[in-house]
Amino acid sequence: MGKRYLVTGGAGFIGSNFIRYIMAKYPDCEVVNLDKLTYAGNLDNLKDIGKHPHYRFVHGDIADRQLVDQLMSGVDYLINFAAESHVDRSIGRPDDFIQTDIFGTFVLLESARKHSVEKFIQISTDEVYGSIDQGSFKETDPLMPSSPYSASKAGADRLAFSYHITYKLPVIITRCSNNFGPYQYPEKLIPLFVTNILEDRKLPIYGDGQNVRDWIYVWDHCDAIDFILAHGDLGEVYNIGGGNEKTNLEITKFMLNKLGKPDNLITYVDDRLGHDRRYSLDCSKLKRLGWRPSNQLETALNETIDWYASNRWWWEKIKSGEYLDYYKSQYGSELS
Ligand code: NAD
Ligand code: TDX
């Protein structure tokens, strides 16, 4: 019998890729996916393994203490991906970010404390450090989050750490840079722009387009989490980066070029409030442990663009707003 995973937020972008990753790598593992199915949760992301005998989907909220307590029993590894994840939404309406990202994480930590969970991985983010003009953040640098999203993630990150120090809960915290790949909700830069380019729609670049992000292919992120589960030390924080720092304009022009569309699709719009200029991670701690990404940015980005181009079934209904009716007809029985 393999390990039993409780994956929260497993119907989202990274969580669904992670479930696919571990189920392919460990055929005898068991996976329970607890997901509230917010606008970002999508059972289409796991269509291929939805009926697998080792996989179970539970529709629910990580802030539901009773449900979480029921599911925690017998769990070896808890991986907490569940979160409100989009910076722009947190600027407009932070409420759900505080509720899910902080309070929801608290409920999971409390429940894990009552059960003998072997490892609790808190998926944090590089955004907790805030912006850096030069150099790169180390795990020991202070947290200076600048959006309600990153502040809520920083709260969860430090709360998880405190449960290790205070209660000896076997917590490990990961802080990853910007992910890209299949099944990313088309509100984030890469899937929004690829799908807009495919539809000949404008590409709204915030500010001057010179903000820098470090990009990592989602499969490498999943691989790093799996590696950290096996080799990471309890109570530690690990930065996970792709080593691919690019301006938003560079990424946009790469996508336009690949799809053979003109630069005049670009339109400069008002900057995001509190927009972090640059993210950069020093990943030497994880490198010393023996992990580094294996996918190259250009190759993985080309494959990702191809995936969106040939999987219109996945994103067209999301963007057109026909998503909810489709969803009820497909998954109604799993939504009770
Ligand atoms: P996502 O928005 O695609 O998915 C989030 C998932 O969580 C959705 O399926 C949603 O339904 C679920 N969810 C939300 N609230 C919930 C609740 N209260 N209870 C149960 N489920 C709930 O996000 P993502 O991009 O896959 O990010 C996953 C995690 O990784 C997040 O914690 C995010 O902060 C972190 N992260 C993301 C990136 C990135 O580039 N996308 C980088 C670093 C860290
Ligand atoms: O329309 C857009 N125009 C634009 O210029 C969008 C959606 C984004 N941008 C810019 C803002 C950022 O500088 O592109 C960059 C990337 O934006 P997002 O895709 O919204 O990602 P970001 O804000 O960097 O945060 C992401 O990485 C860290 C994830 O959304 C977070 O969940 C993760 O923690």
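Each ligand, and each atom within it, is numbered from 1 in the order the structure gives.
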Item to check | Protein heavy-atom partner closest to atom 5 (O) of ligand 2 - residue, atom, separation in Å | outcome: Y206 N, 2.9 Å
Checklist entry - Quick one: does N248 get an N or O within less than 3.5 Å of an N or O on ligand 2? => result yes
Item to check | Proximal ligand 2 atoms for I205, defined as those under 4.0 Å from one of its heavy atoms | outcome: 5 (O)
Checklist outcome for this item: Of all protein heavy atoms, the one nearest atom 25 (O) of ligand 2 is E127 OE2, 2.5 Å
Checklist entry - Taking the six-membered ring for Trp, are Y21 and F18 parallel (under 30°), tilted (30 to 60°) or perpendicular (over 60°)? => result parallel
Next on the checklist: Below 3.5 Å, N or O to N or O, backbone or side chain included: is there any such pair between R272 and ligand 2?
Outcome noted: yes
Checklist entry - Between N257 (side chain) and F254 (backbone), is there a donor-acceptor pair under 3.5 Å? => result no
Checklist entry - Looking at R213, R278, R277, which hits salt bridge (charged side-chain N to carboxylate O under 4.0 Å, His left out) with E245? => result R278
Checklist entry - Just wondering, more than 12 heavy atoms not from D270 lying within 6.0 Å of its CG? => result no
Checklist entry - Who gets closest to atom 21 (O) of ligand 2 by heavy atom: D271, N178, L189? => result N178
Checklist entry - Between T8 and N80, does any side-chain donor sit less than 3.5 Å from a side-chain acceptor? => result yes
Checklist entry - To which protein heavy atom is atom 33 (C) of ligand 2 closest, and what is the distance rounded to 0.1 Å? => result Y149 OH, 3.5 Å
Checklist entry - Atoms of ligand 2 less than 4.0 Å from L192 heavy atoms? => result 1 (O)
Checklist outcome for this item: among protein heavy atoms, the one nearest atom 7 (C) of ligand 2 is E187 O, 3.2 Å
Checklist entry - Side-chain donor-acceptor pair under 3.5 Å between D214 and S177, yes or no? => result yes
Checklist entry - To the nearest 0.1 Å, how far is atom 1 (O) of ligand 2 from its closest protein heavy atom, and which atom is that? => result P204 O, 3.3 Å
Checklist entry - Applying a strict 4.0 Å limit to heavy atoms, is K153 in contact with ligand 2? => result no
Item to check | Electrostatic pair R272-D88, nearest N-O below 4.0 angstrom | outcome: yes
Next on the checklist: For atom 32 (O) of ligand 2, what is the closest protein heavy atom, and at what distance to 0.1 Å?
Outcome noted: S85 O, 2.8 Å
Checklist entry - Just by distance, with hydrogens left out, do E84 and Y149 show a side-chain donor and acceptor under 3.5 Å apart? => result no
Checklist entry - Would Y183 and W307 count as a close aromatic pair, with their ring centres under 6.0 Å? => result yes
Next on the checklist: For ligand 2, which is the ligand I care about here, please tell me if D126 has any N or O atom under 3.5 Å from one of the ligand's N or O atoms.
Outcome noted: no
Checklist entry - Do F13 and Y185 have ring centres separated by under 6.0 Å? => result no
Item to check | Where ligand 2 meets H275 - atom numbers and elements under 4.0 angstrom, heavy-atom basis | outcome: 11 (C), 12 (C), 13 (O)
Next on the checklist: Using a 4.0 Å cut-off to any heavy atom of F193, which atoms of ligand 2 qualify?
Outcome noted: 1 (O), 3 (N)
Checklist entry - Is the shortest heavy-atom distance from the side chain of F227 to the side chain of L289 under 4.5 Å? => result yes
Item to check | Pairwise side-chain contact, I225 with I123, heavy-atom cut-off 4.5 Å (strictly under) | outcome: yes
Tabulated below should be the N or O atoms of ligand 1 paired with protein N or O atoms at under 3.5 Å; can you produce that?
| residue | atom | partner | partner atom | Å |
| --- | --- | --- | --- | --- |
| ligand 1 | 2 (O) | S85 | OG | 2.7 |
| ligand 1 | 3 (O) | F13 | N | 3.0 |
| ligand 1 | 9 (O) | G12 | N | 2.9 |
| ligand 1 | 9 (O) | D35 | OD1 | 3.3 |
| ligand 1 | 9 (O) | D35 | OD2 | 2.6 |
| ligand 1 | 11 (O) | D35 | OD1 | 2.6 |
| ligand 1 | 11 (O) | L37 | N | 3.4 |
| ligand 1 | 11 (O) | T38 | N | 3.0 |
| ligand 1 | 11 (O) | T38 | OG1 | 3.1 |
| ligand 1 | 18 (N) | D61 | OD1 | 2.8 |
| ligand 1 | 18 (N) | T100 | OG1 | 3.0 |
| ligand 1 | 19 (N) | I62 | N | 3.0 |
| ligand 1 | 21 (N) | K36 | N | 3.1 |
| ligand 1 | 23 (O) | S85 | OG | 3.2 |
| ligand 1 | 26 (O) | F13 | N | 3.3 |
| ligand 1 | 26 (O) | I14 | N | 2.8 |
| ligand 1 | 32 (O) | F81 | O | 3.0 |
| ligand 1 | 32 (O) | K153 | NZ | 2.7 |
| ligand 1 | 34 (O) | Y149 | OH | 2.6 |
| ligand 1 | 34 (O) | K153 | NZ | 3.1 |
| ligand 1 | 40 (O) | N179 | N | 2.9 |

Item to check | Greater than 12 external heavy atoms within 6.0 Å of K47's NZ | outcome: yes
Item to check | Side chains of D220 and N295, donor plus acceptor under 3.5 Å | outcome: yes
Checklist entry - Which ligand 2 atoms are under 4.0 Å away from a heavy-atom of H86? => result 20 (O)
Next on the checklist: Any nitrogen or oxygen of T125, side chain or backbone, less than 3.5 Å from one on ligand 2?
Outcome noted: yes
